[in-house]
Number of protein chains: 2
Amino acid sequence: MADVTARATGHPLAGRASFLLSQLGAYSAHEFAKRLAPLGMRPGHFGLLMHLSRGEGQSQQRLADAMGIHRNVMVGLVDELEDRGLIERRRHPADRRAHAIHLTGTAHDLLGRAQRVADEHEAELLAGIGEDDRTYLIALLQHLAEHTGLPSGVHPGLNDNPLSTTSRRC
Amino acid sequence: MADVTARATGHPLAGRASFLLSQLGAYSAHEFAKRLAPLGMRPGHFGLLMHLSRGEGQSQQRLADAMGIHRNVMVGLVDELEDRGLIERRRHPADRRAHAIHLTGTAHDLLGRAQRVADEHEAELLAGIGEDDRTYLIALLQHLAEHTGLPSGVHPGLNDNPLSTTSRRC
DNA sequence: TATTGTTATACTCTATAACTATA
DNA sequence: TATAGTTATAGAGTATAACAATA
């Protein structure tokens with residue numbers, strides 16, 4: 001990566017950072033969902049397990065806030081992970097309305113595998129540029145995210161469900 | 001933007017390019033859709049008008065291929081823009097099955113306004129970093145997009161419809 | 001009165017199939 | 001036989017409202 005001179009690519013859209021970010025972001029999300037699918041997980045599951053690994057015993061409402069989703073959606077996420085025996089709903093010690101969500105041993109194993117998948121995805125996405133450029137790119141993106149006011153670790157929308165029965169035509 | 005040293009931000013996800021791209025990409029797409037809404041347009045409309053401005057008279061199938069969407073979806077897009085008097089379906093000179101899509105005068109005006117909206121969006125998104133970093137970021141993103149095999153100017157998914165009746169709660 | 005978890009409902013978007021008229 | 005445009009249908013995702021239990 002040294003050619004920073006403005007090249008006249010065909011499409012006018014392809015020269016805008018806003019479009020490129022949106023395009024690459026959609027690709028990244030979709031690709032990650034595909035890689036996660038063999039583990040029986042969707043990005044939301046991964047996000048929830050990651051959040052839990054940084055602090056178990058949180059209420060569903062707190063987790064929903066941390067992930068930027070509605071508590072109604074969190075119910076489904078927790079249901080699915082609980083059905084698979086990856087998390088447990090326990091009594092909240094301080095609030096009898098709330099549940100305290102905890103990880104099981106199985107979840108720690110699966111999270112490890114999922115993180116390796118995420119590492120592979122990251123590596124494949126950045127395969128085209130060198131080490132220095134990767135570091136600089138990440139710094140730039142972090143800077144943009146902070147300046148735009150995007151909460152750290154919160155991902156809007158984009159489920160891109162590759163697990164469903166019908167949309168398995170990719 | 002000079003601090004490229006790895007900083008230990010709170011979230012482990014926030015240090016991955018794949019996550020940051022996806023997060024910023026979703027934000028960019030959503031924000032652009034919001035800015036386009038007052039003009040009565042969705043990103044798909046803008047994309048179609050942009051493609052047409054680079055070559056009128058194309059068939060719907062060709063336009064669909066160029067935009068990376070299915071021809072069934074293109075029908076709806078063309079319907080909506082035709083109802084608003086922005087494009088016309090004419091007889092295709094070479095193929096009586098196909099339509100030749102043309103822009104109207106009104107479309108040129110509106111496209112100008114939409115492009116100004118896109119410029120504002122681009123500027124706001126990049127407001128946090130300097131001129132040199134912007135150029136370098138765009139070059140990096142273009143390089144990633146090319147290396148990943150993403151077709152230039154094609155945007156998957158992400159409609160994020162802010163025009164619909166119900167989802168006007170943002 | 002406000003909040004947590006839950007369920008139900010409606011709506012949007014997308015994918016697929018099928019049909020017609022042409023090629 | 002294959003393709004362009006069209007229409008209809010089914011599925012997934014999401015937003016909203018409403019409810020019971022508890023704060």
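Given the structure is predicted, the values throughout are model-derived calculations rather than measurements. Letters A, B, ... are given to chains in the order of the sequence lines, protein chains preceding strands, and every chain is numbered from 1. In what follows, every heavy atom counts, from backbone to side chain, and hydrogens, waters and symmetry copies are set aside.
A/R89 has a side-chain polar atom (N or O) that falls below the 4.0 Å cut-off from OP1 or OP2 of C/dT6. In this model, the phosphate group of C/dT4 is approached by a side-chain N or O of A/Q61 to a distance below 4.0 Å at OP1 or OP2.
In this structure, the nucleotide among D/dA18, D/dG5, D/dT6 sitting nearest to the side chain of B/N72 is D/dT6.
Using a 4.0 Å heavy-atom cutoff across all strands shown, A/H92 reaches no nucleic acid atom at all. Residue B/R96 is in sugar-phosphate contact alone, with no base atom involved, counting any heavy-atom pair closer than 4.0 Å across all strands shown.
Taking atom CD1 on B/I69 and atom C1' on C/dT14, their separation rounds to 12 Å, with Å as the unit. Separating the CG atom of B/L77 from the C1' atom of D/dT7 is a distance of 17 Å, rounded to the nearest angstrom. The NE2 atom of B/H70 sits 14 Å away from the C1' atom of D/dA8 (whole-angstrom rounding). When the P atom of D/dT14 is taken as reference, atom CZ of A/R42 falls 9 Å away, rounded to whole Å. To the nearest angstrom, C1' of C/dT4 lies 13 Å from CE of A/M74. Protein atom CD of A/Q60 is 17 Å distant from nucleotide atom P of D/dA21, rounded to whole Å. Here D/dA23 presents its P atom at 12 Å from NE2 of A/H99, a figure rounded to the nearest Å. For B/E80 and C/dT12, the CD to P distance is 12 Å, given to the nearest whole Å.
Screening residues 56-68 of chain B for salt bridge (charged side-chain N to carboxylate O under 4.0 Å, His left out) gives no qualifying pairs among residues at least two apart or on separate chains. Sorted by first and then second residue, the pairs that involve residues 12-21 of chain B and meet salt bridge (charged side-chain N to carboxylate O under 4.0 Å, His left out), not counting sequence neighbours, are A/D119-B/R16.
Nearest-nucleotide mapping onto DNA chain C: of A/A98 and A/D79, the residue sitting toward the 5' end is A/A98. Heavy-atom nearest nucleotides on DNA chain D were determined for B/D95 and for A/D95, and the one closer to the 5' end corresponds to B/D95. Between A/A94 and A/R71, the residue whose closest nucleotide on DNA chain D is further toward the 5' end is A/R71.
Across all their heavy atoms, A/A114 and A/M41 have their closest contact at CB-SD, 4.2 Å.
Distance alone, capped at 3.5 Å, is enough to place a donor-acceptor pair between the A/E122 side chain and the B/S18 backbone. Distance alone, capped at 3.5 Å, is enough to place a donor-acceptor pair between the A/H45 side chain and the A/R42 backbone.
A donor N or O paired with an acceptor N or O is not found under 3.5 Å between the base of C/dG5 and the side-chain atoms of A/R97.
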